[in-house]
Amino acid sequence: MTAPMPDAAGRLTVVLGITGGIAAYKAVGVARAFVVAGHDVHVVATEGALKFVGRPTLEAISRNPVHTDLYEGVAEVRHVALGQRADLVVIAPATAHTIASLATGLAGDLLGTTVLASSAPLVIAPAMHTEMWEHPATVANIATLRSRGVTIVGPDSGRLTGTDVGPGRMSEPEEIAAAALAVVGPRDLVGRRILISAGGTREPLDPVRFLGNRSSGRQGAALARAALARGAAVTLVAAHLEVDAPAAATLVEVGTAAELDAAMREHAVNADIIIMSAAVADFRPVAIAEGKIKKDAVGETLTLSLERTPDVLAGLASSRRPGQRIVGFAAETEPDDARLLQIGAEKAARKGVDLLVVNRVGWAEGFGSATNTVIVLDGAGNVVARAAGDKASVAHRILDLLA
Ligand code: CTP
């Protein structure tokens with residue numbers, strides 16, 4: 001998959017799908033609102049849409065060619081290229097027919113293939129008669145789309161095409177554009193290069209065993225995803241992630257603390273911000289057995305001899321270039337709040353970080369869970385933020401402090 005990346009000015013590539021309803025004439029206003037906000041608009045119109053609004057109008061307003069035909073631009077694989085490039089896909093108006101097609105994943109026209117080829121947020125603005133909007137088929141299709149994370153804007157209630165009045169009127173163009181841009185969120189990290197470590201390292205004992213930890217990489221992956229959404233270029237150094245890494249990040253996979261250290265040093269050179277959310281082994285076996293350690297050869301107890309690994313974070317902080325900002329994490333089992341803050345403050349100073357994200361971990365807390373509760377300290381140990389909730393919202397709260 002091609003990574004959708006905003007250009008340096010924070011300009012989004014918006015695919016605007018227009019389908020065949022009378023409200024298609026209002027889609028001109030939607031295209032205009034995105035263009036005025038500085039975004040690059042590519043209209044994909046169905047044949048039906050072009051019966052209601054002229055191609056020249058849409059081309060003049062969007063400043064780009066209008067696409068309709070699945071069999072045009074085959075050489076450049078246009079049926080998927082537009083979707084892959086999109087940062088945002090908006091369909092306005094979305095007819096009852098289009099909504100049904102989207103719910104079932106039909107790809108019989110250029111808009112259908114574009115939507116299926118895109119991992120960008122999808123926002124639709126339904127427009128139809130009240131009876132069609134309230135029909136159980138449409139209600140079920142809308143519920144399906146919502147459950148997949150599609151944002152539905154409107155419809156408004158008001159005067160429809162004929163003399164009838166009721167819900168089904170497409171929302172106003174400015175409102176649709178604003179709602180769609182809000183889904184993408186703030187673009188305050190455009191042009192920033194962020195290096196993030198995530199997951200947990202594993203130190204081999206022999207060819208089949210390792211010493212590891214319970215970090216799933218969820219918080220690190222959420223940070224990467226949130227930073228990408230805010231426009232940053234992200235390099236993710238991943239150690240044994242249990243979750244998918246975002247496709248748009250540059251992924252560097254590592255296994256051990258030493259590999260993580262080497263990868264972080266290499267990529268730190270180009271980073272404006274470094275976030276060390278990985279759980280790094282503090283100790284590794286002094287020697288790795290060539291073959292499997294056999295219990296009969298060992299006896300009743302096995303004593304492992306371990307040595308310290310490099311402190312990756314402290315190393316990065318001590319060799320940081322001017323202006324580079326460094327964030328560490330501290331996973332602590334300390335139950336007492338005041339003591340937890342004291343440990344955090346000492347760690348922030350010892351590591352030389354700009355921010356330290358302190359979270360409590362335990363048998364049932366922190367690792368692997370979908371939520372997190374953190375306290376963020378500055379380098380001097382002052383509390384600068386507290387955040388609790390799913391790991392995506394905690395990620396955004398941390399990035400708010402860096403944006
Ligand atoms: N860290 C690191 N290299 C290590 C160990 C930890 O870079 N060898 C980083 C972690 O990624 C995290 C921060 O240091 O950002 C704090 O990790 P933590 O395990 O909480 O602290 P430790 O340095 O291991 O200190 P302590 O053993 O006192 O908890």
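Counting starts at 1 for both ligands and their atoms, following the listed order.
Side-chain atoms of Arg63 never come within 3.5 Å of backbone atoms of Val41 as a donor-acceptor pair (strictly under, hydrogens ignored). Formation of a donor-acceptor pair under 3.5 Å by the Arg192 side chain with backbone atoms of Ala403 is not found in this model.
Shown are Asp336, Asp337, Leu341; of these, the side-chain contact (heavy atoms from CB on, under 4.5 Å) with Arg339 is made only by Asp336.
Within 4.0 Å of ligand 1, contacts by protein heavy atoms are made from Met276, Ala278, Val280, Ala281, Asp282, Thr309, Pro310, Asp311, Val312, Leu313, Gly328, Phe329, Ala330, Ala331, Lys347, Arg350, Lys351.
Contact check on Asp188 versus Arg230 returns a salt bridge, with a Lys/Arg side-chain nitrogen under 4.0 Å from an Asp/Glu carboxylate oxygen. Under the 4.0 Å criterion applied to side-chain N and carboxylate O atoms, Asp354 and Arg320 are assigned as salt-bridge partners.
Note that CG of Leu88 is 6.5 Å distant from CG of Leu181, once rounded to the nearest 0.5 Å.
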